[in-house]
There are 2 protein chains.
Amino acid sequence: MSNFQTLVWRKTSRTLRLLDQRRLPNKESFLDCGTLQEVADAIKTLAVRGAPAIGVAAAYGVVIGVQEEIALNRPLTKAGFDRIIDALAATRPTAVNLFWALERMKKTGAAGLENGLSDAGLRDQLLRDQLLRDQLLQEADLIFAEDERDHHLLGEHGARLVPEKARILTHCNAGALACADYGTALGVIRAAHNAGKEIQVFADETRPLLQGSRLTAWELLQDKIPVTLICDNMAAHCMSKGMIDLVIVGADRIAANGDSANKIGTYSVALAAKAHNLPFYIAAPTSTIDFSLANGSQIPIEERDPDEVRFFGRKRTAPAAVKVYNPAFDVTPARLITGIITEKGVYEPDRLAQIESKYP
Amino acid sequence: MSNFQTLVWRKTSRTLRLLDQRRLPNKESFLDCGTLQEVADAIKTLAVRGAPAIGVAAAYGVVIGVQEEIALNRPLTKAGFDRIIDALAATRPTAVNLFWALERMKKTGAAGLENGLSDAGLRDQLLRDQLLRDQLLQEADLIFAEDERDHHLLGEHGARLVPEKARILTHCNAGALACADYGTALGVIRAAHNAGKEIQVFADETRPLLQGSRLTAWELLQDKIPVTLICDNMAAHCMSKGMIDLVIVGADRIAANGDSANKIGTYSVALAAKAHNLPFYIAAPTSTIDFSLANGSQIPIEERDPDEVRFFGRKRTAPAAVKVYNPAFDVTPARLITGIITEKGVYEPDRLAQIESKYP
């Protein structure tokens, strides 16, 4: 367990409480989302981020959306339910866990909505919708609980790959802040640390939004795991100086052939790891694998606001007139990946099909 | 010529006027240095930066140091002169142009100081020192003028390597802001642009001090050369998307075997260029070559204040307690370098010895 809570469902108020990651590390504050719009905005503006956490937040977002309709005495229709799903699906395009979680919620919702009530009274309809809401909440809670369990399993599998003494480079934040709890890449690091291994982490700061310096550094300090912060462009230099033993990062979407989309800059780290013969691992739950995509070229890559690069917080650091290219993710080809660490075990990237056949 | 002046010697006040690069791009302000300490501080704090510009600034710094002694009616001794040289040599360790320029000033000074005046009167001593100061000023002016001439020559040599239509990635600022005028990497780009070639520049922002977004983007906008700003960690992704045709960067010190130290992150770009079979050029005057070093492992690498990485301007963006590693340069091995563009022509990195034998 980590020493903080990224997402909490508050039963009495039926709201989703998020540790507001936009304000870390300077301020530990919470954001209570009570409307569909608030959940969607929290995902879009990265108050909550990280592929698994986005999935969990969206699942609760569906519950909140249905609850809003109930509160307005508006019986839920198939079209209305789809609008809730669509609003959450439109927040961010790359992380597949979002769509995976929404698909589960949609199935749960569809079963409830099938109880056709076209000629029932309003009271009966609202009772049905309350039942539906509670079923959806159970499914969201299940997604949350599975996320916790899976990341602990993933951590155990991954920790076995980590030497007794290891200096591990990571990029962005694939930590407890990116999940319901524990983390993927940082889950492996936590598990290795908790097993008594001597772990030192090198954290890339991860421009433009600094998830490494703001979140990973903060998270590891909370857990007293030794961490050294570097700029993204220092990773290859550190490798050349023999300061790194292996690399572990998360993923936002993995294609069937093992090509993996993750935070922009991951590809650069993977190239450097290859050049220095260092193991490069992806840590991600199987919900991150998109078997419908043959390879990474088909993964949609989100482009974000150019001002994320032109500004730093409120301070402009580049000329206002300069053109900017700001892709939020890149794709690391399977050939650069040593192994993909999942809750079901560690797979070579070209062996992912085994998962699909074994756990259809 | 660029549309601004990086360094100007002001004859009447005997001061060095610097375009204060710490304040770009938000403010175009000037810093007038009238004392040795002010010149040394300007170099240390990066008000003036870039290997060739540091050399030129230090040369004028020697003149200013001698002038200070004259103003105090203190006859110059060999020890006093050495202290001036040493104060400037202690500012930054990596760029060899600093030591190269100081060596030239030292030779000029030594010749003047040899006129032993131990039994002369104070008035004669001061007259000799004024003569010495003027000789030193002539040498500094010569270093400045050679810098201008050499970078135009370098630009012409380099421009021939650039295709008619080219998308060029550069890192940090190796522009007119890094020299007396015109620039090294950006000198090549200027020359190609002025020759009517269709040039697009991709500028790495260059963390932690953002010389790419603050300086290169500003400088290219001044000269109306198309530029797109990216974060350092996006360069490899841009290459994988076929958005880059070649890379040109500067250098702070080149060893005899062609290994080249340049701004941190250059090595990472070179690895990515190699992986995508893109030409990777270093552009630097021959004064950047240190034939006394057999290879790059002997180049001293400056480490700077951890708060450059923890803070962004005045805003802290990482936990105060986090450990930081902040090397200011890295070394790109010769095997990753396609060619070294100098004022004397373009050399394959393993052919640098030709320069030493031809121009001893």
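Residue numbers start from 1 in every chain, and the chains themselves are labelled A, B, ... in the order their sequence lines are given, proteins ahead of strands.
If you measure heavy-atom distances from A/Asp232 to chain B, the contacts under 4.5 Å come from the side chain alone. Only the side chain of A/Ala275 comes within contact range of chain B, with heavy atoms under 4.5 Å apart. Both the backbone and the side chain of A/Ile230 come within contact range of chain B, with heavy atoms under 4.5 Å apart. In this structure, chain B has heavy atoms under 4.5 Å from both the backbone and the side chain of A/Ile264. Only the side chain of B/Leu271 comes within contact range of chain A, with at least one heavy atom under 4.5 Å from a heavy atom of that chain.
In terms of non-hydrogen atom pairs under 4.5 Å with chain A, the most contact-rich of B/Arg316, B/Lys263, B/Lys274, B/Arg310 is B/Arg316. Annotation: maximal heavy-atom pairing with chain B below 4.5 Å, among A/Pro208, A/Pro327, A/Ala321, occurs at A/Pro327. Here B/Met243 is the residue among B/His171, B/Glu308, B/Met243, B/Lys241 with the most heavy-atom pairs under 4.5 Å with chain A. Ranked by non-hydrogen atom pairs under 4.5 Å with chain B, the options A/Ala203, A/Ala217, A/Ala236 are led by A/Ala236. Interface check for chain B: of the options A/Arg207, A/Met239, A/Glu205, A/Lys315, the most heavy-atom pairs under 4.5 Å are formed by A/Arg207.
Shown here for B/Pro25 and A/Ala318, the closest heavy-atom pair between the two residues is CG-C, 3.7 Å. The two residues A/Arg214 and B/Thr317 come nearest to each other via the heavy atoms CG-O, 3.2 Å. Annotation for A/Tyr267 and B/Ser240: closest pair CE2-CB, 3.7 Å, computed over non-hydrogen atoms. Pairing each heavy atom of A/Tyr325 with each of B/His237, the nearest pair is OH-NE2, 3.3 Å.
Few gaps surround CD on A/Glu303; more than 12 heavy atoms of other groups in view lie less than 6.0 Å from it. At most 12 non-hydrogen atoms from other residues, nucleotides or ligands lie less than 6.0 angstrom from CD of A/Glu198. For NZ of B/Lys197, the number of neighbouring non-hydrogen atoms (other residues, nucleotides, ligands) closer than 6.0 Å is greater than 12.
No donor-acceptor distance shorter than 3.5 angstrom exists from the side chain of A/Asn233 to the backbone of B/Ser268, with no hydrogens or angles considered.
Once rounded to the nearest 0.5 Å, the distance linking CG of B/Asp330 with CE of A/Met234 reads 9.5 Å.
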